[in-house]
Amino acid sequence: MRPVSSRPSRKRGQRLRHSSSRGLVNQPTTAEQRQPNHLTSQPAFPASNLLSQPVRSTGRPSTKVVSLEPGVVELRLVGFDVLRKVKMPRRTGSDLLTVPVALREDATAFVRDYRAVPHQLVLGATLSGKSMFLRNLLTGLAAQPVALVGIDCKRGVELAPFAPRLSALATDPDEAANLLPVLVKEMEDRYDLIKARQGIAPSTPDEVITSDVWGLPEGKRPHPIVVFVDEVAELFLVATRKDEERRDEMVIQLIRLAQLGRAAGIYLEICGQRFGAELGKGATMLRAQLTGRVCHRVNDEASAKMALGDIAPEAVGVASTIAAEVPGLAVAGDTSGGWIRIRTPYLSLADAAATCRETAELVPDVPALEPFRPHVPAQPVMLPVTLAKPRPAHG
């Protein structure tokens, strides 16, 4: 078998493919560009041979083989590491419940789409860039007609700066224990609304029948709700029997929101440093419902397995080797088994808070959440500063 050049010439916009019947060819992306190729005379060899052998180094930072269809693979070569210095694409677009939150290693935007992936788990050690990911998500959603709910068990220090745009905020487990039942009740009320819409005559057209809030008329459709839970492990920690009962109730409510929330337009973004069975009852069951996964730098391989081990085992090693010198770098995957490296652009806390203040008037009306609306002072709180009077020097 004659060797095929690893760097055949190709025009802009073409993709490099290997076909089991045509050999290695430069496949144009449009039909009018397809012309006879000088490589078509090369002996054919099965695509399985290419997939079964390791991809040899070509002097590029990234070389990846992707199976497109039976007998056809795509060889992706990245000429430089675009994640070294993040520069988001200019045209990323932003539909309802979609946020271009990071840059992928193939130089395209990593878009968080809540309609496609309703619930997500974000793990990362301290200073790994997890908070930066959260800021980009919040500011991206702030300009949309979406109710944002925060559960921040670090006394609110992570989410309190975004209070002007939040519909509800809980800053400790006690407040979270009061807020979660309200979210579950809101979800049940929305199911009742959907059910009432389904009680229709047999002659009603199929396109009017719905099984989620998105099929309701726009005037009757409730606003979507995105719930951010930061440091989720704090909700699982218990010290007394009473704390244990409260913990069990909160975990059950989170599991119910994860299992049933999508159809009601309620979505979860669960963040933490570790999320495994050692947290207690219900942790593994809740994690199974979080189909989206983002793993930043973690302290050990076990933490990476908690994020990616059950959906993309081959990505665990990649996540375990993320260096501390590249904050914001992460591995993202979902239950399809696919994964990719991403990096979140830098966004200061001050800029994120300013965006939330500017969009405060966009907070939607959700009456059930009104009692939990965070208080926002008109002016920043200024702490008193005591200045010592200078004393004259004595000679």
Side-chain angles (χ1 to χ4, degrees), residues 61-62 81-89 92 99-114 117 119-142 148 150-154 156-162 226 228-234 268-275 290 292-308 311-312 315-334 339-356:
S62 176
D81 188 2
V82 297
L83 301 183
R84 185 176 302 173
K85 185 178 180 181
V86 178
K87 187 176 181 180
M88 294 292 289
T92 54
V99 180
V101 68
L103 183 68
R104 293 161 46 109
E105 62 182 335
D106 59 3
T108 61
F110 174 75
V111 179
R112 176 71 175 98
D113 186 349
Y114 286 92
V117 182
H119 316 300
Q120 182 167 262
L121 174 65
V122 182
L123 293 187
T126 303
L127 299 179
S128 64
K130 182 173 78 273
S131 297
M132 200 72 61
F133 186 88
L134 195 62
R135 290 177 198 170
N136 279 270
L137 264 181
L138 274 164
T139 54
L141 291 170
L148 304 179
I151 298 178
D152 181 4
C153 293
K154 294 191 296 185
V157 297
E158 195 68 48
L159 298 180
F162 316 122
V226 179
F228 294 90
V229 181
D230 193 32
E231 296 300 344
V232 65
E234 288 293 321
L268 299 180
E269 198 78 26
I270 307 293
C271 307
Q273 299 189 35
R274 289 173 65 89
F275 196 68
L290 308 176
R293 307 290 176 85
V294 174
C295 182
H296 293 80
R297 177 181 57 82
V298 290
N299 294 323
D300 50 46
E301 186 176 352
S303 298
K305 287 182 178 179
M306 293 175 188
L308 302 167
I311 63 167
V316 172
V318 179
S320 302
T321 57
I322 296 177
E325 293 76 19
V326 281
L329 186 64
V331 175
D334 56 35
W339 61 274
I340 194 168
R341 292 193 313 145
I342 64 172
R343 192 175 185 187
T344 309
Y346 175 78
L347 177 64
S348 70
L349 180 59
D351 290 342
T355 299
C356 289

For F133, check ring pair (Phe, Tyr, Trp, His ring centres under 6.0 Å) against everything at least two apart and list the hits.
H296
Locate the shortest heavy-atom distance separating T139 from L347; write the atom from each residue and the value.
OG1-CD2, 3.6 Å
If every non-hydrogen atom of V294 is compared with every non-hydrogen atom of A332, which pair is closest and at what distance?
CG2-CB, 4.2 Å
Output yes when a side-chain donor or acceptor of D152 lies under 3.5 Å from a complementary backbone atom of L159, and no otherwise.
yes
State whether the side chain of R293 and the backbone N or O of A307 hold a donor-acceptor pair below 3.5 Å, judged by distance alone.
yes
Name the one of D106, L329, V82 that satisfies side chain to side chain contact (heavy atoms under 4.5 Å, CB included) with R341?
L329
Atom pair CE/CZ of M306 and F275 - distance to nearest 0.5 Å:
10.0 Å
Heavy-atom pair with the smallest gap, counting every atom of C295 and I322:
O-CD1, 4.0 Å
Should K305 and D300 be marked as a salt bridge (charged side-chain N to carboxylate O under 4.0 Å, His left out) after you check the CA-CA gap, both sets of side-chain angles, and the distance that decides it?
CA-CA 9 Å; K305 287 182 178 179; D300 50 46; over 6 Å; no
Does the side chain of Q120 come under 3.5 Å of the side chain of Y114 through a donor N or O and an acceptor N or O?
no
With the side chain counted from C-beta on, respond yes when P345 and N136 share a heavy-atom pair under 4.5 Å apart, and no when they do not.
yes
Walk me through whether D230 and K154 qualify under salt bridge (charged side-chain N to carboxylate O under 4.0 Å, His left out).
CA-CA 8 Å; D230 193 32; K154 294 191 296 185; 3.8 Å; yes
Do you know which two heavy atoms are closest between P89 and A107, and how far apart they sit?
CG-O, 3.9 Å
Rounded to the nearest 0.5 Å, what separates atom CZ in F162 from atom CZ in R135?
6.0 Å
Looking just at side-chain N and O atoms, do S303 and Q273 make a donor-acceptor pair shorter than 3.5 Å?
no
For S131 and L127, indicate whether the former's side chain and the latter's backbone hold a donor-acceptor pair under 3.5 Å.
no
Does T108 reach the main-chain N or O of R104 with its side chain, forming a donor-acceptor pair under 3.5 Å?
no
Shortest non-hydrogen contact from L103 to L83?
O-CD2, 3.3 Å
Any salt bridge linking E105 with R343? Criterion: basic side-chain nitrogen under 4.0 Å from a carboxylate oxygen.
no
Short side-chain to backbone donor-acceptor contact, K130 and L123, under 3.5 Å
no
In Å and rounded to the nearest 0.5 Å, what is the CZ to OG1 distance from R297 to T321?
12.0 Å
Mind listing the closest non-hydrogen atom pair of A323 and V326 along with its distance?
O-CG2, 3.2 Å
